[in-house]
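Here the structure comes first, spelled out in structure tokens, and everything after it is commentary.
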Amino acid sequence: MHCVTVELGVRSYPIIIGAGLLQKTHQFQAHIRGKQILVVTNNTVAPLYLDSLLGSLASFDQVDTLLLPDGEAFKTLDTVNRIFDQLLQRRHNRDTTIMALGGGVIGDMSGFAAACYQRGVDFVQVPTTLLAQVDSSVGGKTGVNHPLGKNMIGAFYQPQLVLADTDTLNTLSARDFSAGLAEVIKYGVICDEPFFAWLEANIEALMAREPWALADAIERCCRIKAAVVSEDERESGRRAILNFGHTFGHAIEAVQGYGSWLHGEAVAIGMLMAVELSRLKGDIDLAVVERLSTLLEKASLPLKAPQGMTSDDYLAAMAVDKKVQGGRLRLILLQSLGRAYISDDTPKPQVISALRCCGVEN
Ligand code: NAD
Ligand code: GLY
């Protein structure tokens, strides 16, 4: 078992990572203050893990469950309203705890509901996808999509506990597992070149879901994310580097229709676009682009942009990115492998050239 702390003063919290944690009753008892709990999950995860989790919560007075429909297309305000309905119908008080059991979609919506219900109640993340264990459950970004932009409605709201049971990753589909690897690879690219090299050396073990490789990678990613979030919780500066590849990726998700391209798949091709742009700016050489594309390919992630999306489609969707300031597009680019920075002076023709390098037509 590994424990990483997100240091945020009185709002600090542990990320506990290990096999079989869903059955560890004492972890829940130690971190949950109230007597009421609402477990929010979906109809894919519930049959796999809900009973096991409920077994560990047996000592609490009132444990309710809510099963939401599965999928990014349901990451909406309407779905969050169903969480409020359940909380009110079951008379949950201000000292209730909302517990997210699932991937990033369930985690983002449950956290947003926790931020809003009675102006804020306790929140626990039990992430069950690789993406959620290395990224979305940590750091307190919560929210939903809007038809005009990804994650545009939301709040910063930290959990009291993140409990990542690595055994749950055994049931994840190959496609969802690969999508999670995109965010794992992101950490190496933006701020940890030795980790990138470790990933190159161990990608086969990760793809085989070797428990030691998964545990090492998840802990390393959580340490990186915890450090960045502790320094800049509300993204006034450095935290933006965690969005490497996301400005391009969010454009793909929004234009293609949420759920058509998985978030991690869109981030993978978005990272390639960002490294191509960094190469065009003269900051990195072709070898870095090739190392990234080789690693993405070994992780079974896409290397070519979706068909039928033009550079105008990208630029229009990217204009509603949360990093836009004063009408200026801000992108996360690379100074070198393992060193990302925020750029706000990239000329549009250069962005278009980078898109073309990744297969975007006209
Ligand atoms: P997801 O939540 O849709 O989960 C992927 C699929 O796996 C779903 O069908 C889910 O039901 C299923 N699933 C979950 N756990 C499983 C298990 N153990 N076994 C079998 N199937 C399982 O997607 P995701 O990749 O976890 O998360 C993507 C979302 O996370 C996006 O909405 C993205 O915007 C968000 N995100 C948020 C942050 C943040 O900081 N809050 C960071 C990155 C991504
Ligand atoms: N996934 C980006 C962030 O948490 O800041």
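Hydrogens, waters and symmetry mates are skipped; everything else that's a heavy atom, side chains included, is used.
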- If you count the non-hydrogen atoms of other residues, nucleotides and ligands that lie under 6.0 Å from CZ in Arg175, is the total more than 12? yes
- What's the verdict on side-chain hydrogen bond (donor to acceptor under 3.5 Å, both in side chains) for Thr41 and Tyr49, showing C-alpha distance, side-chain angles and the deciding distance? CA-CA 10 Å; Thr41 185; Tyr49 301 112; over 6 Å; no
- Spatial distance of atom OG1 (Thr171) from atom CG (Leu169) [nearest 0.5 Å]: 7.5 Å
- Item | Atom pair CG/CD1 of Leu68 and Ile83 - distance to nearest 0.5 Å | 5.5 Å
- Message: Would you say that Thr25 contacts Leu57 through its side chain, given a criterion of any heavy-atom pair below 4.5 Å between the two side chains?
- Response: no
- Assess whether side-chain hydrogen bond (donor to acceptor under 3.5 Å, both in side chains) is satisfied between Gln160 and Thr97, documenting all intermediate values. CA-CA 9 Å; Gln160 270 64 47; Thr97 297; over 6 Å; no
- Does Val39 belong to the same Ile/Leu/Val/Met/Phe/Trp/Tyr cluster as Val80, with side-chain heavy atoms less than 4.5 Å apart forming each link? no
- Message: Contact between Leu214 and Arg209 at the side-chain level, heavy atoms closer than 4.5 Å - yes or no?
- Response: yes
- Query: When you look at Leu22 and Asp167, which way does the side-chain contact (heavy atoms from CB on, under 4.5 Å) test go after all the steps?
  - Reply: CA-CA 9 Å; Leu22 277 183; Asp167 281 349; over 6 Å; no
- Query: Taking all non-hydrogen atoms of both residues, which atom of Val351 and which atom of Leu331 are closest, and how far apart?
  - Reply: CG2-CD1, 4.1 Å
- Check whether any side-chain heavy atom of Cys222 lies under 4.5 Å from a side-chain heavy atom of Gln133, and answer yes or no. no
- Show your working on side-chain contact (heavy atoms from CB on, under 4.5 Å) between Tyr117 and Phe84 and close with a plain yes or no. CA-CA 7 Å; Tyr117 186 65; Phe84 299 140; 4.2 Å; yes
- Task: Check whether any side-chain heavy atom of Ile185 lies under 4.5 Å from a side-chain heavy atom of Met271, and answer yes or no.
- Result: yes
- Go through the structure and list residues passing side-chain hydrogen bond (donor to acceptor under 3.5 Å, both in side chains) with Ser59, not counting sequence neighbours. Gln29
- Task: Determine, using the 4.5 Å side-chain heavy-atom cutoff (strictly less than), whether Ile106 and Val45 are members of one ILVMFWY cluster.
- Result: no
- Task: State plainly whether the residues Asp108 and Lys75 are in salt-bridge range, i.e. N to O under 4.0 Å.
- Result: yes
- Validation row: Leu315, Lys348 side chains within 4.5 angstrom (heavy atoms): yes
- Task: Identify whether the distance between the nearest side-chain nitrogen and carboxylate oxygen of Arg238 and Asp232 falls below 4.0 Å.
- Result: no
- Side chains of Asn243 and Glu235, donor plus acceptor under 3.5 Å: yes
- Message: Check the orientation of His250 and His246. Use parallel for under 30°, tilted for 30 to 60°, and perpendicular for over 60°.
- Response: perpendicular
- Message: Taking Asn93's backbone N and O only, do any of them form a donor-acceptor pair with Thr96's side chain (distance below 3.5 Å, no angle check)?
- Response: no
- Message: For His263 and Glu183: C-alpha separation, side-chain torsions, deciding distance, then whether side-chain hydrogen bond (donor to acceptor under 3.5 Å, both in side chains) applies.
- Response: CA-CA 9 Å; His263 176 71; Glu183 300 280 14; 3.1 Å; yes
- Going by an N to O cut-off under 4.0 Å, is there a salt bridge joining Asp345 and Lys281? yes
- Yes or no on side-chain contact (heavy atoms from CB on, under 4.5 Å) for Leu334 and Tyr341, after CA distance, side-chain angles and deciding distance? CA-CA 6 Å; Leu334 287 192; Tyr341 72 101; 5.7 Å; no
- Message: Using a strict threshold of under 4.0 Å (side-chain N to carboxylate O), is an ion pair present between Glu276 and Arg356?
- Response: no
- Can you tell me if Gln158 uses its side chain to pair, donor with acceptor, with the backbone of Leu8 under 3.5 Å? no
- Query: With sequence neighbours left out, what residues match Asp70 under side-chain hydrogen bond (donor to acceptor under 3.5 Å, both in side chains)?
  - Reply: Asn42, Thr44
- Between Ser12 and Val6, is any pair of side-chain heavy atoms under 4.5 Å apart? no
- Task: Using modelled atom types only, decide if a donor and an acceptor are shared between the side chain of Ser110 and the backbone of Gly107 within a distance under 3.5 Å.
- Result: no
- Decide salt bridge (charged side-chain N to carboxylate O under 4.0 Å, His left out) for Arg11 and Glu233; before the verdict, give the C-alpha distance in whole Å, the side-chain angles of both, and the deciding distance to 0.1 Å. CA-CA 11 Å; Arg11 291 178 297 110; Glu233 182 186 7; 2.8 Å; yes
- Task: Return yes if some donor-acceptor pair links the side-chain N/O of Arg239 with the main-chain N/O of Val229 below 3.5 Å, else return no.
- Result: no
- Item | Basic-acidic side-chain contact under 4.0 Å: Glu72, Lys150 | yes
- d(Ser343 OG, Arg330 CZ) to nearest 0.5 Å is 9.5 Å
- Query: Taking side chain as C-beta onward, heavy atoms only, is Asp165 less than 4.5 Å from Lys24?
  - Reply: no
- Query: Atom CG in Leu272, atom CG in Leu277: separation rounded to 0.5 Å?
  - Reply: 12.5 Å
- Query: Under 3.5 Å, side chain of Ser278 to main-chain N/O of Leu333, donor-acceptor pair present?
  - Reply: no
- So if you build clusters from Ile, Leu, Val, Met, Phe, Trp, Tyr with side-chain heavy-atom gaps below 4.5 Å, do Val360 and Met309 land together? yes
- Query: Does a donor on one side chain sit under 3.5 Å from an acceptor on the other, for His2 and Asp216?
  - Reply: no
- Query: Just by modelled atom types, is the Val138 backbone N or O under 3.5 Å from a matching donor or acceptor in the Lys225 side chain?
  - Reply: yes
- Task: Assess Arg220 against Tyr187: is NZ or CZ under 6.0 Å from the centre of the six-membered ring, and within 45 degrees of the ring's axis?
- Result: no
- Query: Between Glu193 and Arg291, does at least one N-O distance fall below 4.0 Å, as a salt bridge requires?
  - Reply: yes
- Query: Would a hydrophobic clustering, with Ile, Leu, Val, Met, Phe, Trp and Tyr connected at side-chain separations under 4.5 Å, put Val63 with Val124?
  - Reply: yes
- Query: Is there a donor-acceptor pair closer than 3.5 Å between any side-chain N or O of Ser137 and the backbone N or O of Ala132?
  - Reply: yes
- Task: Considering only NZ, NE, NH1 and NH2 on the basic side and carboxylate oxygens on the acidic side, decide whether Arg279 and Asp285 come within less than 4.0 Å.
- Result: no
- Query: Which is it for Arg33 and Asp122 under the salt bridge (charged side-chain N to carboxylate O under 4.0 Å, His left out) test, yes or no, and what are the steps along the way?
  - Reply: CA-CA 8 Å; Arg33 297 184 283 203; Asp122 284 356; 2.6 Å; yes
- Short question: side chain of His31, backbone of Gln27 - any donor-acceptor pair under 3.5 Å? yes
- Task: Tell me, with the steps shown, if Glu204 and Asn202 meet side-chain hydrogen bond (donor to acceptor under 3.5 Å, both in side chains).
- Result: CA-CA 5 Å; Glu204 283 80 12; Asn202 293 290; over 6 Å; no
- Sub-3.5 Å donor-acceptor pair from the side chain of Asp313 to the main-chain atoms of Thr310, do we have one? yes
- Message: For the backbone of Asp344 and the side chain of Arg328, can you confirm whether one donor and one acceptor N or O come within less than 3.5 Å of each other?
- Response: yes
- Message: Using the rule given for side-chain contact (heavy atoms from CB on, under 4.5 Å), can you reason through Leu130 versus Ile218, listing the C-alpha separation, both sets of side-chain angles and the distance that settles it, and then say yes or no?
- Response: CA-CA 8 Å; Leu130 179 59; Ile218 293 166; 3.9 Å; yes
- Task: To the nearest 0.5 angstrom, please state how far the CD1 atom of Ile224 sits from the SG atom of Cys191.
- Result: 4.5 Å
- Message: When you compare the side chain of Met273 with that of Thr247, does any pair of heavy atoms fall below 4.5 Å?
- Response: no
- Phe123 and Tyr13: same hydrophobic cluster, using ILVMFWY side-chain contacts below 4.5 Å? no
